[in-house]
Amino acid sequence: MSQGLAKRLNVGIGDTIRLSMAVSGGCSKNESYWGGSGFDYTDSYTIVGLSIDQTELINDVYIPKSDSVDLSANKFSFNLGQAVLDNDMADSFVSDITPMLPDRVRLTVYDQGYSAVARPLKDVLRVILIVTVISVAAGIAVIALFGYMFVYRQRNSAKTMRKLGASKRDVYVYFLFGSGCISLIAIAVGIFTSRFVSDKCMELVGEIVSNYSLTNLMYSNSNLSMTKAIAMNLEFKTSTYIITGVAVLLLTVISCCIFAALSFGTHAHRRKAYPFSIKARSSSLDGGSLKYAWLSVKRGLVRSIIPFAVSVCAVILLLQLTHTAQLYKAKLDDINNSTVIKGHFTDIKGKQIDGLTVFGYVVNDLYKSGLLSEISMSKTDWYIYIGKYGDTGFEPAAETSIPTSGFSYETFMNMLRQQSWFIYTNDLYSVPEFYYSSDISTQFLDGYDSSFLADKVADSLPCCMVSTDFMELNDIKLGDTITIVKTNGRHYSVHDLKVVGSYVKAGKENNIYCQLDFYVPTDILSDPNTSSNWLRTFTFNCVSFTLNDSNNLTAFKDYLADSGYSEVNNIRKIRCFPVLEDHNFLTTQSSMIQRIWYVDHTFPVVYVAVELLACLIPFILVKLRKREIAVMRSLGASRVTSFFSMFFEQAMLCIAGSAAGFAVWLYVNRVQNRLGMMLAVMFAICWLAGSSVSLWNIIGSGVRSILKAEE
Amino acid sequence: MEILKVSDVCYSYGRGPERKNVLNNVNASFEQGKLYAVIGKSGSGKSTLFSLMAGLDIPQSGQILFEGTPTEKLNLDVYRRECVAQVFQDFCLFPLLTVLENIMYPMELCNVAKDKAKQDAIELAKLVSLPESLLDRYPGRISGGEQQRVAIARALAMDRRLIIADEPTGNLDSENSSIIISLLLKLAHEHNKCVIIATHDLSVMESADVIYKIADGKLSLMQPK
């Protein structure tokens with residue numbers, strides 16, 4: 001128990017106290033005390049600890065959960081529960097348990113800021129993984145190319161060595177030593193360069209993560225939990241450089257070894273030069289460049305497969321990346337447009353949605369913001385049911401004498417304050433009983449629905465809704481007129497009400513819901529010219545609202561801040577505490593914005609890299625065939641014929657590859673992607689441009705110099 | 001009858017002090033029906049002279065006259081396509097075209113009808129003693145001597161009167177070498193071609209009607225038969 005309570009009871013640690021508890025169903029604390037129906041469980045407890053005094057907990061006593069106490073009669077057995085979840089399990093926990101929860105139970109996981117840190121880091125890790133895989137693949141490809149070129153360019157030297165008596169081992173040692181030396185120099189330059197690049201990379205990662213926390217959390221229910229700041233302290237270890245360097249060195253040497261073995265193995269040359277069948281059906285060459293290109297495509301095998309496969313992969317990559325980027329943006333728009341953000345007023349700790357005192361001018365302020373689509377409020381009084389008007393006239397429920405003064409009046413008022421609630425509201429779904437309900441079972445008199453609560457009170461009678469239990473108990477039908485005595489705690493009054501609707505109650509009380517207009521003329525709340533003094537005379541116990549557009553979230557927060565409203569745990573000029581239920585929205589939005597940010601920053605680099613490769617690959621492929629072009633020219637082929645013989649081949653392979661890539665992507669995704677299409681077309685254009693530049697370069701050179709030149 | 005005349009041709013490589021005159025006022029005359037051998041040390045300028053005669057380049061000064069017309073005034077593409085044929089030491093065949101297609105290639109450049117091109121190519125293959133079974137093979141799948149015969153058959157396409165062969169037997173053994181020389185000799189003497197061969201091969205020199213020697217940038221007649 002608390003220190004204060006212990007002091008008042010004059011007990012301390014080790015002392016024994018006897019506690020009586022009301023555990024029966026339908027028994028409130030007050031009923032237990034006054035009604036004599038409670039206290040059906042009593043036991044002795046030893047005080048083992050004292051808590052530091054806190055105003056709201058000063059009278060609380062904590063006892064261990066015991067199997068000897070039967071709590072099954074109560075609908076909600078426990079007031080407080082706590083579950084400890086492993087990190088990163090919150091989402092799956094919520095999704096698993098939510099279907100099992102009763103309608104009114106709402107579960108919120110406060111993760112002490114874990115997700116705020118983990119999500120951006122996960123995104124960064126995902127990007128790093130993608131970049132790493134691409135880098136490793138590109139690195140291995142470059143090393144393989146180096147091995148091929150290093151061996152290929154020196155094969156004549158190697159053959160000469162062999163002719164002069166060098167053993168195969170000697171030739172291998174020559175290649176390994178040469179490639180190793182070049183590789184070591186390159187690795188040293190690479191490490192030196194990447195030291196600088198890594199700093200920039202780390203800055204980028206830090207920026208990505210820190211951007212995540214730029215969300216506006218004012219008035220957000222995110223503030224109801226703790227948040228953690230991210231301290232990025234990333235750096236590469238020296239061992240990483242060393243391991244990478246050693247791996248690159250080994251791969252380079254192995255690459256050279258493999259190509260040397262392929263070049264100087266048995267029959268290697270024949271296999272390499274002519275991997276296809278001995279014979280082919282000779283065609284006519286009628287058709288000029290186009291026919292030559294087609295034959296070359298058809299018979300080129302690996303030489304043809306490479307451009308085709310590269311085009312397929314590149315186009316799929318471009319389409320997928322652009323689609324992903326567009327998808328993120330579309331999803332963000334969708335989230336912004338479709339999300340309904342609600343809010344409510346709460347107490348200073350952010351724990352209560354009812355039992356508040358929200359003045360009418362506050363509600364008027366909300367209307368004046370112009371940023372809300374719905375404002376719901378309720379005012380709670382207490383009532384006693386007196387009777388109803390039946391066919392034979394007034395039928396009293398019980399003999400009820402209403403004292404007008406003295407001690408009996410005070411007793412009567414005390415008794416009234418223990419009765420069920422009489423609630424004025426304009427929206428059944430926003431009253432405390434149903435605030436967290438998604439579905440309320442209701443029934444209405446013909447011509448009425450739940451919107452009657454927001455209507456003006458007709459001249460005849462105010463209308464109300466009562467619970468089905470209440471109707472059954474008092475034999476009331478829809479359309480009956482009932483009489484009640486209600487009080488606001490100071491005064492009482494007698495009223496006739498027309499029952500136009502019923503509901504299945506979610507709590508134990510038989511509350512009556514009545515039109516808000518019966519309490520306050522609703523038009524004065526929304527009228528910006530209504531004087532504050534008049535509005536101050538009206539108070540509400542529960543106020544909630546809905547933003548007309550989630551895009552106005554920041555504007556509404558600014559409006560609240562400018563007006564001087566307080567945040568939970570942060571008291572300002574107006575001691576009303578609005579809370580916006582935007583935690584999930586902000587989390588999702590922030591995550592999407594984060595992803596869009598790095599997509600916008602990293603994908604264009606990939607686009608440019610792919611387009612550059614689209615220029616470079618055909619440039620090299622065509623360059624490798626300059627001797628073929630020179631032979632054509634030496635046989636009398638014009639520049640145009642020579643040009644198009646190669647150009648058509650590259651065009652066929654690139655366009656066929658791009659079309660195949662597009663078809664595959666379209667088959668899988670079945671959506672239009674204009675930017676991706678443009679980049680795919682650009683890829684083809686770059687490919688053809690690379691081919692053209694290379695061809696013009698070759699054709700511009702003298703035929704003689706090409707034929708004379710060593711490969 | 002004179003088909004090609006080399007008149008005061010000069011050609012040099014490099015600039016300034018590095019400049020090297022490879023051909024220095026070279027003069028020569030070539031006639032149809034004869035086989036010419038041009039000999040000289042490596043780097044003496046044989047290949048340069050041959051590339052000029054083949055229309056792969058034009059002289060820096062002087063002229064090469066084909067049937068009286070300087071090559072710089074000719075469309076060199078047309079000249080190479082219709083007037084002069086080349087045979088290379090390393091054959092220079094298209095690896096992805098079959099033997100038959102390689103022979104047909106110059107005809108395709110001249111827009112010969114496909115049936116005629118095919119028929120002519122088969123006959124040219126017979127002329128150079130290529131078995132029919134090799135016609136649908138890729139060049140990489142036949143021997144060096146056979147490849148050189150394919151190159152010669154290709155050179156004979158379109159009935160070009162001037163055949164320039166730069167060391168055509170350089171990569172061949174003696175047996176294949178003698179086959180190629182006798183073939184070139186036959187082309188000169190029986191088909192009235194002007195065949196010019198750059199060579200170090202003694203057997204070629206013995207077979208040649210005229211031998212030129214190139215040294216110090218000068219071309220000199222060695223041994224008119």
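Reckoned from all heavy atoms, side chains included, excluding hydrogens, waters and symmetry mates. In what follows, chains carry the letters A, B, and so on, assigned in the order in which the sequence lines appear, proteins first and then strands, with residues in each chain numbered from 1.
Under the 3.5 Å distance criterion, the side-chain polar atoms of B:Glu101 are matched with a main-chain donor or acceptor of B:Thr98. A:Ser179 places a side-chain N or O within donor-acceptor distance of the main-chain N or O of A:Leu176, the cut-off being under 3.5 Å.
Sorted by first then second residue, the salt bridge (Lys or Arg N to Asp or Glu O under 4.0 Å) pairs that include residues 51-60 of chain B, not counting sequence neighbours, are A:Arg704-B:Asp57.
To the nearest 0.5 angstrom, B:Ile64 atom CD1 is 12.5 Å from B:Lys5 atom NZ.
In this structure, no portion of B:Phe50 lies under 4.5 Å from any heavy atom of chain A. Proximity to chain B (any heavy atom under 4.5 Å) is shown, for A:Ser296, by both the backbone and the side chain. Only the side chain of B:Asp90 comes within contact range of chain A, judged by heavy atoms closer than 4.5 Å.
Contact count versus chain B (heavy atoms, under 4.5 Å) is highest, among A:Glu628, A:Arg303, A:Lys298, A:Arg633, for A:Arg633.
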